[in-house]
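Notes for the one structure printed next.
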Amino acid sequence: MKYRDPELRQHLAAEFALGVLAPRARRRFERLMQDDDDLRRLAEDWELRLAGLIEVLPGLRPPESVWRRIAGELGWIEDSAEERRPSLWRSLALWRGFGLASAATALALILYVAVQPSPSTAPAQVAVLSAEDAKPVLVARVEPQAGRIVLIGLTEPDVAPGYSQELWLVPEGGAPVSLGLIGDWPAVLPIKGADVPFAGGALAVSLEPEGGSPTGAPTGPVLYQGVLVAEP
Amino acid sequence: MPFMAGPGMTTDIADERDRMLQAAARGDRAAFERLYRLAAPQLFGLACRIVIRRDVAEDVLQAAMVAAWRHKSSFDPERGSAAAWLGRIVRNLAIDHLRRRGREAPLDPEMLEAIPDGEPDPAAAAEATESARRLRRCLGEIETAPRRAVLLVYYTGATFEEASARLAAPIGTVKSWVRRSLMRLRSCLER
């Protein structure tokens, strides 16, 4: 496999850290890093090496409202409604950039793929959805041919009374699309619509008012999320 | 050696950022706010250079600090300074935004002019950590054109295509400048 070549690995890690990879190459590299701790380490080393460049940058003072929004989002102060902003894309972007997929996640993925033979020849997509602390919570297998999404829990479901959990597809570069509510798991959700763009996207579960988001877009915090990977 | 920092530079602020982040990792919110006050101007400056739009840069800074708090225990002072750790988060988020949405605004010529190339900003250099100064010193050993290519890409999130247009050099040349510069940087930093 060509990604074993040490020189190529250095180049790719450096160019990833520099941010210069084209979007598709960047995504591919992020996927590679998920299963390759050494590669992730190389990229992080480069990021830290180059970050010294930031320290000599002339500063630009951000408006005071930014700190209020940070403290609000962390729940340290009541944030006013007009200062609240949707954060789904941000947290997803972050999780990808961080390469937080743990060894447990990778293992769960491998096990799951190994024990679930594909019912058809259509490329199924698999995602391990992890919580904020990188703990894997759900494994989702999207089966376009069968028109369904199978969800298997790795922990017990935990939904506060008066709330629902809603599953979203976050297509690459697009707005989140609701895939339905999740009550309990294991669960099977039908895929509504024939041409939902799963490939290259991610799945996320948000906490919503009972019955689901009233707006059709996520309104609550993201509980778990994971990048979709085509089943080999 | 244009990047060499002068003697007697203080690293008090750098040290304080590291201490504040370590205190924050133990759950100290006041230390985290102090860290924000110390680091925000540089981080915001960086985000603005990449995403150009101020409102987006504010979003990026907000998301980065929230992420920093949530992943605070993963900060390892052995592997780099607090400034580097935060900067890495900001840059990743800003670049990710850029790659997803495309450039919503053209590169700002004024920002491009302000890319540090020769002399580092004296105030900023005074706050820079030892490793940052070493990096500048190693950059100083690289020829002007390749160095400019690396800095342009780093500070603006430019792709090879954009850098090629900006520097009026063929894309293959820009790529090899960047690759060569990065590998030279690595060997210089490891000396």
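Every chain is numbered from 1, with letters handed out A, B, ... down the list of sequences.
For B:Y36, the part lying under 4.5 angstrom from a heavy atom of chain A is the side chain only. At a 4.5 Å heavy-atom cutoff, A:E7 makes no contact with chain B through either its backbone or its side chain. Interface remark: A:R24 contributes no atoms to any contact with chain B (heavy atom separation under 4.5 Å). If you measure heavy-atom distances from B:R29 to chain A, the contacts under 4.5 Å come from both the backbone and the side chain. With a threshold of 4.5 angstrom between heavy atoms, B:V90 does not approach chain A through any atom at all. If you measure heavy-atom distances from B:L46 to chain A, the contacts under 4.5 Å come from both the backbone and the side chain.
When side chains are defined from C-beta on, A:E47 does not count as touching B:I89, because their heavy atoms never get closer than 4.5 Å. No side-chain heavy atom of A:W76 sits less than 4.5 Å from a side-chain heavy atom of B:E33. The closest side-chain heavy-atom distance from B:P41 to A:L60 is not below 4.5 Å. Side-chain contact check for B:F44 versus A:V66: every heavy-atom pair is 4.5 Å or farther apart. Annotation: side chain of A:P63 is in contact with side chain of B:E58 (closest heavy-atom distance under 4.5 Å). Put simply, the side chain of A:L74 reaches to within 4.5 Å of the side chain of B:F32, judged on heavy atoms.
One N or O on the side chain of B:Y155 and one on the backbone of A:L53 form a donor-acceptor pair closer than 3.5 Å. A donor-acceptor pair is defined here as one N or O able to donate and one able to accept, closer than 3.5 Å; no such pair exists between the side chain of B:R186 and the backbone of A:W46.
Of the inter-residue distances, the one linking A:R49 atom CZ with B:R134 atom CZ reads 10.0 Å to the nearest 0.5 angstrom. Atom CZ of residue B:R37 and atom CH2 of residue A:W67 lie 7.0 Å apart, to the nearest 0.5 angstrom. One finds the CG atom of B:L151 at 9.5 Å from the CG atom of A:L18 (value rounded to the nearest 0.5 Å).
Options B:L185, B:L182, B:I95 differ in how many heavy-atom pairs under 4.5 Å they form with chain A, and the most are formed by B:L182. The most heavy-atom pairs under 4.5 Å with chain A, out of B:E161, B:M65, B:M183, come from B:M183. Per-residue heavy-atom pair counts under 4.5 Å with chain B were compared for A:D45, A:L48, A:L21, and the maximum is reached by A:L48.
Here the shortest heavy-atom pairing between A:E30 and B:D96 reads OE2-OD2, 3.8 Å.
The pair A:E15-B:R179 meets the salt-bridge criterion, with a side-chain N (NZ, NE, NH1 or NH2) lying under 4.0 Å from an Asp/Glu carboxylate O.
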B:K175/A:V20 under side-chain contact (heavy atoms from CB on, under 4.5 Å): CA gap, chis, key distance, verdict
CA-CA 10 Å; B:K175 271 190 192 179; A:V20 81; over 6 Å; no

